[in-house]
Amino acid sequence: MNNKLFLIIPRLLTALLLAAGLLFSLPATPAHANVFNDMYKGLEQFSELPGQMSELKDSYQQTVNELEQTKSQLEDYRNENVTLQEKNQQLTKMLDELRDERTARERYIRRLKITALTGLGLVVGYFILIRVIRFSMRSRSGRRDQWR
């Protein structure tokens, strides 16, 4: 195990030296030591804050106004929806009444047809019955004449 450790240590040291050499050879970013410039930029940004606050307030107020408009429109839509539902119920009721009237009319027409056909059948049956009775009376009277 000591043998292996002695073999690994030189390789590890070589890798560390190579990494350190690469790090030192890369260009470093220059440091800025201009304190007054940084303070000026900070003050400039600080002086712009009231304007940004004003813009934020205006934007907030505009959003609140849009929200109120949306609420108003939503309330209008709800009222319109209630009105339309009431009209829909009235139309459904009217449609049911019309359907009932149509069914009653169809039943009435069917009864009229049955009554008319029954009356026509009775009239036709009456004429047929009279003809049959006449024919049978004639044939009976003809038989009586033959026996005399």
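Nothing fancy with the numbering, it's 1 onward along the sequence.
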How many angstroms lie between [atom1] in [X] and [atom2] in [Y], if you round to the nearest 0.5 Å?
X    : Y    : atom1 : atom2 : answer
R99  : T92  : CZ    : OG1   : 9.0 Å
S136 : R134 : OG    : CZ    : 11.5 Å
R102 : I109 : CZ    : CD1   : 10.5 Å
Y108 : K113 : OH    : NZ    : 13.0 Å
S72  : E75  : OG    : CD    : 8.0 Å
I133 : I128 : CD1   : CD1   : 12.0 Å

Inset, instruction - Identify whether L122 and I130 are in the same connected component of the hydrophobic contact network (ILVMFWY, side-chain heavy atoms under 4.5 Å). - result: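 Not linked; separate clusters.
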Inset, instruction - Say whether V124 and V132 are linked into one hydrophobic cluster, either directly or through other cluster members, by side-chain heavy-atom distances under 4.5 angstrom. - result: yes
Side-chain contact, heavy-atom cut-off 4.5 Å: [X] with [Y]?
X    : Y    : answer
N81  : Y77  : no
E68  : K71  : yes
K93  : E97  : yes
V123 : F127 : yes
E80  : D76  : no

Legend entry - Main-chain N/O of E66 paired with T70 side-chain donor or acceptor, under 3.5 Å: yes
